[in-house]
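This report refers to the structure that appears directly beneath it.
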Amino acid sequence: MPELPEVETTRRGLAPWVSGRRVRRVEVREPRLRWPVPEGLGARLSGARILGVRRRGKYLILDTEAGAVLLHLGMSGSLRIVDAGTPPGPHDHLDFVLDSDRVLRLRDPRRFGAVLWGGDRPEGHRLLRALGPEPLDPGFDGSWLHGRARGRRVAVKPFLMDARVVVGVGNIYANEALWAAGIDPRRPAGRIARARYERLARAVRQVLGAAIEAGGTTLRDFVREDGRPGYFARTLNVYGREGRPCPRCATPIRRIVVGQRSTFWCARCQR
DNA sequence: CCGGACGCCTGTCGGC
DNA sequence: TGCCGACAGGCGTCCG
């Protein structure tokens with residue numbers, strides 16, 4: 001599900017509901033996520049004030065005065081704010097009950113998501129430490145991509161989806177950005193000129209920015225904190241559009257597999 | 001170091 | 001109608 005735009009949409013929606021609130025208690029109905037939900041989470045958090053919600057890549061960081069919680073939505077996760085007393089559905093695995101009588105609730109049918117203890121320095125957590133730059137920050141540009149691609153023979157699409165290269169770009173937005181930049185997704189990363197990486201970096205920024213403005217992409221599971229979907233799906237140019245005409249040249253969009261992931265592209269526009 | 005494949009899970013959809 | 005395979009927004013880990 002969630003790539004950077006969906007996680008950022010979630011962060012923005014959540015922040016006003018959780019910032020400044022205290023956690024009354026944590027209810028874990030299903031601790032078996034990607035990793036087990038830490039045993040002592042509730043004990044640590046009970047009574048602690050939430051200071052804010054940050055995002056790093058596809059991770060959310062819930063900062064509290066007792067330490068930070070790391071949240072990841074995996075493929076099918078979503079976080080919502082519901083009224084206390086709202087009965088949980090089958091895949092509503094965990095609640096943070098707030099002193100406002102609202103509940104921050106995690107739903108994750110496939111359980112690829114995670115809820116982890118981040119401690120006092122969550123950015124030093126082993127899962128966050130090796131992450132590359134934020135694509136919307138100034139440290140990310142064509143030179144960075146070009147430099148990281150030196151000598152790499154991996155296809156540019158999995159290269160772009162590698163969180164050590166740049167965070168937040170998943171399958172949907174990798175497809176879209178490569179189409180926008182006119183680059184063949186199978187092209188070896190080290191065989192792309194700097195100027196084309198400048199185009200690609202701009203495309204990544206543009207696509208992610210537009211998707212955030214649209215509230216993210218909803219294919220099936222993703223909903224915002226209030227249950228509404230994101231509307232970027234109607235803006236997708238290639239993802240999920242096999243056989244439909246390329247919006248730029250009308251050539252039918254093709255689907256192939258690159259790096260074990262579905263890849264949609266226009267063989268005429270992308271070279 | 002690098003690239004590629006594999007699981008982890010549940011749900012949905014299309015074809016027969 | 002029912003069954004079965006393919007596929008799904010991620011990513012850590014393992015293998016050669």
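Within every chain, numbering begins at 1; the chains are lettered A, B, ... in the order of the sequence lines, protein sequences first and strands thereafter. Atoms considered below: every heavy atom in the structure, side chains included; atoms not considered: hydrogens, waters and symmetry mates.
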Integer angstrom distance from the P of C/dC14 to that of B/dC9: 16 Å
Donor + acceptor pair across side chains of A/Y173, A/T217 (<3.5 Å): yes
Any side-chain heavy-atom pair of A/T263 and A/Y239 under 4.5 Å: no
N/O donor-acceptor pair under 3.5 Å between A/T218 side chain and A/F222 backbone: yes
Minimum-distance nucleotide (side-chain atoms of A/I172 versus B/dT10, B/dG3, C/dG9): C/dG9
Separation of the P atoms in B/dC6 and C/dA6, to the nearest angstrom: 13 Å
Touch class at under 4.0 angstrom, heavy-atom based, for A/R34 against every strand present: base
Rounded distance [0.5 Å steps], CD1 in A/I192 versus CG in A/L145: 9.5 Å
A/I81 side chain reached by A/V103 side chain, heavy atoms, under 4.5 Å: no
Cation-aromatic face contact A/R248/A/W179, 6.0 Å, 45 degrees: yes
Separation between CG of A/L178 and CH2 of A/W265, rounded to the nearest 0.5 Å: 11.0 Å
d(CZ, A/R32; P, B/dC9) in whole Å: 8 Å
Could you tabulate the donor-acceptor pairs under 3.5 Å formed by side-chain atoms of residues 249-261 of chain A, not counting sequence neighbours?
| unit_1 | atom_1 | unit_2 | atom_2 | d |
| --- | --- | --- | --- | --- |
| A/R255 | NE | A/S262 | OG | 2.9 |
| A/R255 | NH2 | A/S262 | OG | 2.7 |

side-chain N/O A/H72 vs C/dG12 OP1/OP2, d < 4.0 Å: no
Any A/R220 side-chain N or O less than 4.0 Å from OP1/OP2 of C/dC7: no
Criterion side-chain contact (heavy atoms from CB on, under 4.5 Å) against A/L62, the qualifying member of A/L79, A/L14, A/V18, A/L45: A/V18
Close approaches to DNA chain C from residues 157-165 of chain A, in residue order (heavy atom, under 4.0 Å): none
Sugar-phosphate only, base, or nothing, as touched by A/Y59 at under 4.0 Å among non-hydrogen atoms: sugar-phosphate
Presence of A/S262 side-chain N/O under 4.0 Å of C/dA8 phosphate oxygens OP1/OP2: yes
C1' spacing across the pair B/dG3 / C/dG9, given as an integer number of angstrom: 23 Å
Student check: side-chain heavy atoms of A/R111 and A/E30 closer than 4.5 Å: yes
Donor-acceptor pair between A/R224 and A/T10 side chains, under 3.5 angstrom: no
Atom CD of A/E123: over 12 foreign heavy atoms under 6.0 Å: yes
Among C/dG12, C/dC11, B/dG4, the nucleotide that comes nearest once only the side chain of A/K58 is considered: C/dC11
Candidates B/dC6, C/dC7, C/dG9 - which lies nearest the side chain of A/E6: C/dG9
Any A/R261 side-chain nitrogen or oxygen under 4.0 Å from OP1 or OP2 of C/dG9: yes
Involving DNA chain B, stems made of at least three consecutive Watson-Crick or G-U pairs, both distances under 3.5 Å: B:2-8 with C:10-16, B:10-16 with C:2-8
Any residue of residues 104-112 of chain A with a heavy atom less than 4.0 Å from an atom of DNA chain B: A/P109, A/R110, A/R111, A/F112
More than 12 heavy atoms from other groups under 6.0 Å of CZ on A/R49: yes
Interface with DNA chain C, restricted to residues 202-209 of chain A and to heavy atoms under 4.0 Å: none
For the student: nearest non-hydrogen atoms of A/E225 and A/G13, plus distance: OE1-CA, 3.2 Å
Touch class at under 4.0 angstrom, heavy-atom based, for A/Y173 against every strand present: nothing
Separation of the P atoms in B/dT12 and C/dC11, to the nearest angstrom: 23 Å
Separation between CG of A/L41 and CZ of A/R25, rounded to the nearest 0.5 Å: 14.0 Å
Residues in contact with DNA chain C, drawn from residues 125-135 of chain A - heavy-atom cutoff 4.0 Å: A/R126, A/L127
Of the listed nucleotides C/dG12, C/dG10, C/dA8, the one nearest the side chain of A/N171: C/dG10
Note, A/L73 side chain near A/D108 side chain (heavy atom, < 4.5 Å): no
